[in-house]
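Here is the structure we will look at.
Positions are given from 1 along the sequence.
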Amino acid sequence: MGLAHSAGAAEWQATAGADVRWFDWREYQGGHQLLMERGPLAAPSLGIAVWQEGWFARVDSVWGGGMTRYDGHLQSGPAYSARSWEEILDTHWRAGWQGETLSFNAGLLQRDWRRFIEGSTTVSSAEERYRWRIATVGGSLRLSGMGEPRLSLDIGMPVERHQTVYSRQFDRFYLEPGNGVWWRMAGSWALPKDARFSLEPWYQEQHLADSASVTLTRNGVAQPFQAYQPQSVRRELGVTLRFLLGATH
């Protein structure tokens, strides 16, 4: 006897949100802190997910920025303090399986970051643009309690990385920041239960090793100066308020 089987229809969910975060970037040279950039940033976000019979695919993107404070030493020269504008764009593609309590996923995270450091009468302003593509794995655990809280952890390593530096004194040049682990821990709670809002506190951190040095040029002519990206760490602590735009059930 044959029995007809009909697979469940795919479901989808779209969300929008915004976060506030504390941004902290530090560079090190010879084991000593060279500089830091710190300050609050804000970023809206969008996400969409599709799943069927436990399997899912989703993409989440966040874009924003703000003004921070640059404080520390240049690679050569005296201490320097200035304002620094930060612009961030993170897009995370993931696919995996989600059960009643546990979920697992693998994905690709693209991180774009632009920093513009204001100059002075003695120091030239500088603009740096970074891009990382990071292979990630992660999972989440659903806890019992009000709002069905869920904890998640994602970790990854770069598969591609670029840095472009613009300066008034020298030609544009390119660096390749060293490898380093990225990880993120987050929580999620519905406010209140069965509401269309959720609150998500989170923390993420990314480490970079030293890059190779490059010789600087001016109008195509080599100069007696070299530059490199020092060992660095980027930390962000934030909270996201997310709103359910629409879903099928």
Whether over 12 other heavy atoms sit under 6.0 Å from Arg83 CZ: no
Pair Tyr130 and Trp132, ring centroids less than 6.0 Å apart: yes
No-hydrogen, no-angle side-chain donor-acceptor test under 3.5 Å, Thr164 and Arg172: no
Closest contact, heavy atoms only, Gln52 versus Ala10: NE2-N, 4.0 Å
Ring centers of Trp85, Tyr70 separated by less than 6.0 Å: no
Greater than 12 external heavy atoms within 6.0 Å of Trp22's CH2: yes
Donor-acceptor side-chain pairing of Arg235 and Gln204 below 3.5 angstrom: no
Pairs involving residues 39-48, ordered by first then second residue, that meet salt bridge (charged side-chain N to carboxylate O under 4.0 Å, His left out) (sequence neighbours left out): none
Tyr174 and Glu176: side chain donor to acceptor below 3.5 Å: no
side-chain contact (heavy atoms from CB on, under 4.5 Å) partner of Arg111, chosen from Leu89, Ile134, Ile88: Ile134
Ionic contact status for Asp19 with Arg21, cut-off 4.0 Å: yes
Residues Asp60, Arg94: salt bridge by 4.0 Å N-O rule: yes
Short side-chain donor-acceptor distance under 3.5 Å, Thr136 and His92: yes
Electrostatic pair Glu200-Arg242, nearest N-O below 4.0 angstrom: yes
Lys/Arg-Asp/Glu bridge criterion (N-O < 4.0 Å) met for Arg114, Asp112: no
ILVMFWY cluster membership beyond Tyr28 - transitive side-chain contacts under 4.5 angstrom: Val233
Arg115 with Glu86: basic N within carboxylate O range, under 4.0 Å: no
